[in-house]
Amino acid sequence: MSDRSDTVPARHASPFRINLDQQRKRAKDLLRALRDGDAEAQRRFRLHHPRAAQDDLLRLSEAQFVIARELGLPSWPKLKAHVEAMDRSWQRITQGEPAPDRDSATLHIRCGSDIGAALVEAGFTGDFLEYSDPFCQGPVTAAPGWLEQRVDFLTDAYGQGAGMTRETIAAKLAREEDGLASAAARYGRVVLWFEHDSYDQLILARCLSAFAEAPPRCLELISPAGYPGGTRFIGLGQLPPEALRLLWAERVPVSDCALRAGQAVWDALRAPDPRALAGIASTGTAALPQLGRAVRRHCQELPGTRDGLGLTQRLILQLVAEAPRRAGEVYSRLMMEREPLPWMTDLMFHDTVEAMRRAAEPVFSGSFEETEDRQWPQERLTATPLGRAVLAGEVDWMALRPPPRWVGGVFIPDAAPCWRWDEAMVAVTKA
């Protein structure tokens, strides 16, 4: 990581920088709307308050409670305490307090570059390793040439969109593997920064598997499932530097049980038979609860027993069936409203949509206005009658010969039989 600048950073507005005065005003506005019988205000109250709204008994404290819950905190006092903690953390940054990681040679590992600059701004001085191969998509096998297989997949799926050649992708993956392999010997402390979704947690499993035989002297994990703010928490890259500094204080040691859980998930992920992975999805991972939940979400990408769709395909088709929508809006709604564990980048979404187009018969159509920029986010997608029949379970998606794909080590051919996910049973079957 680069040395810290002497320039005091500006504190720009962020959904995760909560202004307490603004929230007090929002609470007063909510109380006023409740007393006026506003339907939307009543809906918000019902969603977050344990009792029904009674106009004659409503107090400001109850509106404040609802506001706190909307922001992801259990109460108004907890909201105030969080805002004060964020302010203190920011003061430590602007006053140039010593680096939080100064006591040991530290490597920060993250599945992307999104927090690299913010860590520097927060005052951290350790080194940074980006390990970002998205094992949530494409083949992840136990074959000796698995890394070359990953290079081929990433080049075909994302190379052009990311502006990367096969050579640059191969070099990137090699750097990541080398950095992971040498981390324990080079650093006194390794800190893993991974949130709760399958993108992050499957890479976390890879890292834990790599460290299982010879862990660093100090191996720690920062893995939030959420963060208080005015928008949905999707990932650490959304957070301002003072939030990262607060999360640093909440890091936990990685136990032997956690290392074994990561190794078990990594082994099961690469297997051609998904039954072991489904078993983990069913029982969970006690040492790393978020890992088990992410494994279940990953299993949901297998064709469903009812309609043959993976969950991402199903959610996309549902959004398009509700109303014709631009592809960019579909992606936004998918991430902010529908996806239970948001994990997709826009390139992943676009690749999924394009793959769905390659079925033998279309489940949605696309069109552009004559005067529009013909970039993919502007394309208007409309469900076909066939698409609605697939959603209704009347037609099996696999009968439409979609292009072959991989879910970890499981190959999904272009027709049944194939491995399928049974959501009700939390299990897999072949049909």
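Computed over heavy atoms, backbone and side chain alike; hydrogens, waters and symmetry mates excluded.
A heavy-atom distance below 4.5 Å is not found between the side chains of Pro377 and Tyr331. Looking only at side-chain heavy atoms (C-beta outward), Asp307 and Arg314 come within less than 4.5 Å of each other. Side-chain contact check for Gln201 versus Arg293: every heavy-atom pair is 4.5 Å or farther apart. A heavy-atom distance below 4.5 Å is not found between the side chains of Phe128 and Ile109. Within the 4.5 Å cutoff, the side chain of Val426 has heavy atoms near those of the Arg296 side chain. Between Arg217 and Tyr187, the closest side-chain pair of non-hydrogen atoms is not below 4.5 Å. The shortest distance between side-chain heavy atoms of Tyr131 and Glu177 falls below 4.5 Å. At least one side-chain heavy atom of Leu236 sits under 4.5 Å from a side-chain heavy atom of Leu247.
In this structure, Phe16 and Pro228 approach most closely via the heavy-atom pair CD2-O, 3.2 Å. Across all their heavy atoms, Leu180 and Ala210 have their closest contact at CD2-CB, 3.6 Å. Residues Asp87 and Arg11 approach most closely at OD1-NH1, 3.1 Å, considering heavy atoms.
Here the straight-line distance linking atom OG of Ser209 with atom CG of Leu259 works out to 9.5 Å at 0.5 Å rounding. Taking CZ of Arg297 as the reference point, atom OG1 of Thr312 lies at 4.0 Å (rounded to 0.5 Å). With rounding to the nearest 0.5 Å, the separation of CG in Leu30 from CZ in Arg44 is 4.5 Å. Rounding to the nearest 0.5 Å gives a distance of 4.5 Å between CG of Asp200 and CZ of Arg110. Between atom CZ of residue Arg260 and atom OG1 of residue Thr285 there is a gap of 13.0 Å, rounded to the nearest 0.5 Å. Taking OG of Ser332 as the start and CG of Asp346 as the end, the distance is 11.5 Å to the nearest 0.5 Å.
The ring of Trp406 has its center no closer than 6.0 angstrom to the ring center of Trp146. Ring to ring, His82 and Tyr227 are close: their centroids are under 6.0 angstrom apart. Ring to ring, Phe135 and His298 are not that close: their centroids are 6.0 angstrom or more apart.
Although no hydrogens or angles enter the test, the distance criterion places a donor-acceptor pair under 3.5 Å between the side chain of Thr384 and the main chain of Pro362. Without hydrogens or angle criteria, Arg102 side chain to Thr125 main chain gives no donor-acceptor distance under 3.5 Å. Listed for the Ser113 side chain is no donor-acceptor partner under 3.5 Å among the backbone atoms of Gly116. Without hydrogens or angle criteria, Gln290 side chain to Glu195 main chain gives no donor-acceptor distance under 3.5 Å. Between the side chain of Gln149 and the backbone N or O of Thr141, no donor-acceptor pair lies under 3.5 Å. A distance-only check finds no donor-acceptor pair linking the side chain of Asp101 to the backbone of Thr106 [under 3.5 Å]. A side-chain donor-acceptor contact under 3.5 Å links Arg326 to the backbone of Gln378. Checking side-chain atoms of Ser89 against main-chain N and O of Ala85 turns up no donor-acceptor pair under 3.5 Å. Checked by atom type and distance alone, the side chain of Thr352 pairs as donor or acceptor with a backbone atom of Met348 at under 3.5 Å. For the pair Arg150 (side chain) and Asp133 (backbone), a donor-acceptor distance under 3.5 Å is absent.
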Would you check, one step at a time, whether the test salt bridge (charged side-chain N to carboxylate O under 4.0 Å, His left out) holds for Asp21 with Arg24? CA-CA 5 Å; Asp21 288 336; Arg24 287 193 181 99; 2.9 Å; yes
Do Arg232 and Glu339 pass the salt bridge (charged side-chain N to carboxylate O under 4.0 Å, His left out) test, and can you show the C-alpha distance, the side-chain angles, and the key distance before you say yes or no? CA-CA 11 Å; Arg232 187 180 193 187; Glu339 169 58 55; over 6 Å; no
Can Lys80 and Glu84 be said to form a salt bridge (charged side-chain N to carboxylate O under 4.0 Å, His left out), step by step? CA-CA 6 Å; Lys80 291 178 64 178; Glu84 291 166 358; 5.5 Å; no
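Annotation for Glu213: atom CD does not count as buried by contact number, only 12 or fewer foreign heavy atoms lying within 6.0 Å.
Using a 30° and 60° split on the angle between ring planes, His49 and Phe65 fall in the perpendicular class, above 60°. Using cut-offs of 30° and 60° for the angle between ring planes, the His108 and Trp193 rings count as tilted.
A cation-pi arrangement is absent between Arg245 and Trp248 under the rule of less than 6.0 angstrom and at most 45 degrees off the ring axis.
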